[in-house]
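Counting starts at 1 for both ligands and their atoms, in listed order. What's counted below: heavy atoms across the whole structure, side chains too, no hydrogens, waters or symmetry copies.
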Amino acid sequence: MIKKGLLVSFEGIEGSGKGTQINLLTAVLKENKIPCQVIREPGTTSLGKQIREILLHRQSHICIMSELLLFLAARKQLIEEKLVPELSHRQVIILDRYTDSTLAYQGTALPLELIESLHEKAEIRLKADLTFYLKIDYQLSLKRQKQRNEKQDFFEQKKQDYFNAVLNNYQKIADREPERFKVIEADQDLTSVHQQVLKIWQKYEKNF
Ligand code: Z5A
């Protein structure tokens with residue numbers, strides 16, 4: 001495949017504002033006539049939707065390795081069915097979560113090296129070109145979740161220790177890959193967070 005598109009992902013714990021900031025960035029791209037689309041992981045392909053339902057609203061125990069393999073199955077399908085064909089066009093594909101989520105979340109129970117080697121074995125090699133990590137702490141995540149007052153899914157029911165481990169894993173990625181994985185302080189108001197995203201995007205856009 002000749003890759004003409006750009007893969008931009010958003011990461012962060014629940015309520016960090018991924019959906020909100022994706023909408024704001026998409027509006028700017030559209031205003032500037034830059035073709036773009038948003039993809040949610042898992043959940044964009046038909047298989048992905050089914051896997052999302054199994055994982056988020058599980059009816060029985062799923063062991064951690066099966067959980068990991070299900071996320072990978074959804075990702076593999078997404079790459080084959082959607083990302084590879086779409087990236088052959090010049091456009092920005094914005095991913096609401098991608099491989100870093102797996103390292104951060106499933107990495108709370110499994111070694112990061114194992115997760116990376118399974119990606120490699122499954123030939124999931126397509127990496128995000130640019131990632132915005134919306135960094136907030138657990139207390140703020142909880143507060144925003146409560147404001148929404150929605151029924152909690154499997155991951156949202158997890159406790160503080162779990163989310164601190166997720167945050168720790170995100171930090172490891174930030175330390176390891178500062179060029180790609182951009183940390184945004186997301187405990188500020190919507191507009192300030194958007195300005196930070198735009199500043200990074202505008203620098204990056206020049207190479208696109
Ligand atoms: N998961 C995994 O374990 N492994 C994997 O490989 C992958 C995923 C891919 C999918 O959740 C779950 O799957 C996820 C990890 C796991 N765990 N959970 N839970 P998801 O992606 O469907 O949902 P989410 O991450 O939980 O998204 P979210 O709760 O919708 O959060 P968000 O998109 O980051 O936030 P938002 O919807 O933009 O904002 C949340 C609320 O806060 C909303 O009312 C906003 O108006 C408000 N908000 C946003 N920004 C601000 C600011 N700056 N100030 C004040 N209020 C704000």
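Those atoms of ligand 1 that come under 4.0 Å of a heavy atom in T20, given as number and element, are 36 (P), 38 (O), 39 (O), 45 (C), 49 (C). Atoms of ligand 1 found under 4.0 Å from any heavy atom of L190, numbered from 1 in the order shown, are 49 (C), 50 (N), 51 (C), 52 (C), 53 (N), 57 (C). Numbered from 1 in the order shown, with element, the atoms of ligand 1 that lie under 4.0 Å from a heavy atom of D153 read 19 (N). Close approach of ligand 1 to Q188 is summarised as follows: ligand atoms under 4.0 Å from at least one heavy atom of the residue are 52 (C), 53 (N), 54 (N). The ligand atoms of ligand 1 that sit less than 4.0 angstrom from a heavy atom of R52 are 20 (P), 22 (O). Remark: ligand 1 atoms within the under-4.0 Å shell around heavy atoms of D189 are 53 (N).
Between G15 and ligand 1, an N or O atom pair is found at a separation short of 3.5 Å. Close N/O approach between F155 and ligand 1 is not found [any backbone or side-chain N/O within under 3.5 Å]. The N/O atoms of E14, backbone and side chain alike, include one that comes under 3.5 Å of an N/O atom in ligand 1. Residue G19 has at least one N or O atom closer than 3.5 Å to an N or O atom of ligand 1. By the 3.5 Å distance cut-off applied to N or O atoms, E67 is not counted among the residues near ligand 1. Some N or O of K18 is nearer than 3.5 Å to an N or O of ligand 1, by distance alone.
Among protein heavy atoms, atom 35 (O) of ligand 1 sits closest to G17 N, 3.2 Å. In this structure, the protein non-hydrogen atom closest to atom 47 (C) of ligand 1 is R144 CD, 4.1 Å.
Within the model, atoms NZ of K151 and NE2 of H57 stand 7.0 Å from one another, a figure rounded to the nearest 0.5 Å.
Residues L103 and L72 share a single hydrophobic cluster, defined by chaining ILVMFWY side chains whose heavy atoms lie under 4.5 Å apart. Both I64 and F155 are members of a single hydrophobic cluster when ILVMFWY side chains are connected at heavy-atom separations under 4.5 Å. Note on L134: it does not cluster hydrophobically with F163, by side-chain heavy-atom contacts below 4.5 Å among ILVMFWY residues.
Side chains of Q91 and Q37: a donor-acceptor N/O pair is present below 3.5 angstrom, by distance only.
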Going through the checks in order, is the side-chain hydrogen bond (donor to acceptor under 3.5 Å, both in side chains) test met by Q106 and E67? CA-CA 8 Å; Q106 283 61 57; E67 181 180 302; 2.6 Å; yes
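Note on ligand 1: E41 sits in its first shell, one or more heavy atoms being nearer than 4.0 Å. Ligand 1 is approached by R75 to a heavy-atom distance shorter than 4.0 Å. Within the structure, the closest approach of G12 to ligand 1 does not fall below 4.0 Å when heavy atoms are considered. Judged by the shortest distance from any of its heavy atoms, Q152 lies outside the 4.0 Å radius around the atoms of ligand 1.
Taking 4.5 Å as the limit, some side-chain heavy atom of L29 sits within range of a side-chain heavy atom of W201.
For K203, the NZ atom sits in a loose shell: 12 or fewer heavy atoms of surrounding residues, nucleotides or ligands are nearer than 6.0 Å. Under a cut-off of 6.0 angstrom, the local environment of CD in Q157 is crowded, with over 12 non-hydrogen atoms contributed by other residues, nucleotides or ligands.
Of the options N168, N169, D175, a side-chain hydrogen bond (donor to acceptor under 3.5 Å, both in side chains) to Q171 is made by D175 and by none of the others.
With R148, E156, Q145 as candidates, the residue nearest to atom 29 (O) of ligand 1 on a non-hydrogen basis is R148. When T102, L134, I136, L70 are ranked by how near their heavy atoms come to atom 6 (O) of ligand 1, first place goes to T102. When E11, Q106, R40, R97 are ranked by how near their heavy atoms come to atom 21 (O) of ligand 1, first place goes to R97. Proximity annotation for atom 1 (N) of ligand 1: of Y98, Y105, F71, F71 comes nearest, heavy atoms only.
In summary, E120 and R125 engage in a salt bridge, as defined by a charged side-chain N under 4.0 Å from a carboxylate O. By the 4.0 Å N-to-carboxylate-O rule, E80 lies close enough to K76 to be salt-bridged with it.
Classified by interplanar angle (parallel below 30°, tilted 30° to 60°, perpendicular above 60°), the ring pair Y170/F181 is parallel.
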